[in-house]
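Take a look at the structure below.
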Protein chains: 2
Amino acid sequence: MALRHAVLAALLGGELSGYQLTKSFDLGVANFWHAQPQQLYAELTRLEKDGLIAGREVVQESRPNKRLFQVTDAGLTELADFTAAAAKPAFIRDDLLVKVQAADHVDTEALIAQLSERAAFAQGKLDLFDKLLRNMRGERTEDEFLRGGDPIGPYLTCLRGLAFERGNRDWCQRTITILRARARSSQQSI
Amino acid sequence: MALRHAVLAALLGGELSGYQLTKSFDLGVANFWHAQPQQLYAELTRLEKDGLIAGREVVQESRPNKRLFQVTDAGLTELADFTAAAAKPAFIRDDLLVKVQAADHVDTEALIAQLSERAAFAQGKLDLFDKLLRNMRGERTEDEFLRGGDPIGPYLTCLRGLAFERGNRDWCQRTITILRARARSSQQSI
DNA sequence: TCTGACTAGTCAATTTTATGAGTAAGGAGA
DNA sequence: TCTCCTTACTCATAAAATTGACTAGTCAGA
């Protein structure tokens with residue numbers, strides 16, 4: 001039941017449409033949760049039915065109409081309860097790690113190709129997160145913003161996203177280096 | 001369909017029983033994937049049916065009998081194909097980040113409690129991974145092991161697990177510091 | 001001797017996520 | 001003009017993961 005809380009948390013920054021939400025939860029961003037559009041629209045419907053968010057129709061001229069949602073008081077209470085409850089630990093669940101686990105039994109070049117791709121992807125997200133952070137803090141230095149900037153929640157989660165992707169990139173690069181060095185030395189010994 | 005490859009990868013190190021597998025995939029370890037026992041037993045059944053692993057019954061005296069599984073040639077081929085195919089990017093999906101995203105709207109002390117708990121959990125896994133790595137490399141230094149140690153796959157994924165948990169711990173601690181500092185200064189201004 | 005933990009699993013039900021396919025309109029570029 | 005991209009969604013189905021309960025014997029410690 002954490003998707004619902006993720007949606008609530010995302011809506012705290014102000015009214016959003018389902019479509020706008022999908023933009024935050026998709027491939028590119030998703031600095032604190034990830035979900036498919038279908039899941040989000042379904043969750044929005046449920047949240048509204050449960051009174052945790054309220055939607056209003058916005059008529060648009062040269063665009064399809066949209067519905068903007070905002071968190072209700074009941075929604076805030078729900079979030080507070082969720083925050084007080086124990087969080088499940090976060091686990092790694094990553095295709096790429098499965099492939100590396102099997103490194104001794106699969107083709108090294110294929111593995112390196114995957115690692116390079118992931119490193120590039122991570123770098124892309126890194127740049128994006130960096131931009132987002134700059135945007136949030138505006139003129140201020142990071143320290144200044146962390147001391148008194150507002151809202152701080154999205155900034156903090158973005159910092160985690162940044163560190164995570166940096167971790168991904170660095171590990172991929174190091175792993176490539178290691179695998180290449182081993183491939184060279186095993187070739188020499190043949 | 002990545003759980004099946006995760007199981008295959010885990011069995012590369014040698015025969016394991018379902019129960020032993022659950023130990024690797026549970027809370028404590030899970031350095032490259034995480035899954036519940038029920039999922040693992042179900043997957044083992046499917047893998048055997050598909051001929052990707054072979055099981056043999058081991059009769060035990062003062063313990064229930066067990067079935068040990070090992071990867072077949074077909075299983076290796078399957079893993080090779082999997083490795084060559086594009087990996088899905090790994091996303092963050094973490095209760096705790098949802099809570100922090102809502103930091104501006106929930107009780108700071110409750111949040112800090114969650115962050116402390118997570119930091120402690122991460123430290124626990126950190127210690128565990130450190131032990132696992134020492135175990136794998138034995139007498140050798142890390143550099144020596146990385147250059148020629150065998151098997152290298154599990155070592156590399158464990159390094160990623162270590163970095164991930166270090167990232168968790170550091171971010172939790174930093175976030176706590178930031179939130180505390182902000183709480184103090186906002187109290188002063190009241 | 002009783003309790004709880006460990007080994008070694010299984011069954012059923014539900015929830016959560018992912019995949020694939022559609023609708024419908026406007027605007028930008030080749 | 002044709003095609004693709006973006007906004008703004010919906011429906012249906014399949015796959016993956018979680019939750020809870022249950023069996024059954026062994027061993028160690030209070």
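Reminder, nothing fancy here: chain letters follow the sequence lines and each chain counts from 1. Hydrogens, waters and symmetry mates play no part in the numbers below; they use all other heavy atoms, side chains included.
Applying the side chain to side chain donor-acceptor pair (under 3.5 Å) test to every pair with at least one member in residues 52-62 of chain A, sequence neighbours left out, gives these pairs: A/Glu15-A/Arg56. Residue pairs meeting the salt bridge (Lys or Arg N to Asp or Glu O under 4.0 Å) criterion with at least one partner in residues 115-129 of chain B, sequence neighbours excluded, are B/Asp94-B/Arg118, B/Lys125-B/Glu165. Listed by first and then second residue, the salt bridge (Lys or Arg N to Asp or Glu O under 4.0 Å) pairs that reach into residues 168-177 of chain B are A/Glu142-B/Arg174, sequence neighbours excluded. Applying the ring-ring contact (aromatic ring centres under 6.0 Å, His included) test to every pair with at least one member in residues 98-152 of chain B, sequence neighbours left out, gives these pairs: B/Phe145-B/Tyr155. Each ring-ring contact (aromatic ring centres under 6.0 Å, His included) pair with one or both residues in residues 45-84 of chain A, not counting sequence neighbours, appears once here: A/His5-A/Phe82.
Taking a cutoff of 4.0 Å between a charged side-chain nitrogen and a carboxylate oxygen, A/Glu139 and A/Arg134 do not qualify as a salt bridge.
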Seminar exercise, completed: 5' to 3', nucleotides 13-18 of chain C under a 4.0 Å protein heavy-atom cut-off (B base, S sugar-phosphate only, - none) gives ---SSS
Seminar exercise, completed: Contact string for nucleotides 2-8 of chain C, one letter per nucleotide 5' to 3', B = base within protein heavy-atom range under 4.0 Å, S = sugar-phosphate only, - = neither, reads ----SBB
Output a table of donor-acceptor pairs, distance under 3.5 Å, between side-chain atoms of residues 26-34 of chain A and any protein atom two or more places apart or on a different chain; print 'none' if there are none.
{"from": "A/Asp26", "atom 1": "OD1", "to": "A/Gly28", "atom 2": "N", "distance (Å)": "2.9"}

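For B/Arg182, there are no side chain to side chain donor-acceptor pair (under 3.5 Å) partners two or more places apart in sequence or in a different chain. Shown here are the side chain to side chain donor-acceptor pair (under 3.5 Å) partners of A/Ser17, two or more places apart in sequence or in another chain: A/Gln20. Listed by chain and number, the residues in a side chain to side chain donor-acceptor pair (under 3.5 Å) with B/Glu43 are B/Arg4 (sequence neighbours excluded).
The terminal axes of the helix from C/dT1-D/dA30 to C/dA30-D/dT1, fitted over 5 pairs per end, subtend an angle of 40° to the nearest 10°.
As a whole-Å value, the separation of B/Leu44 CG from C/dC11 P is 14 Å.
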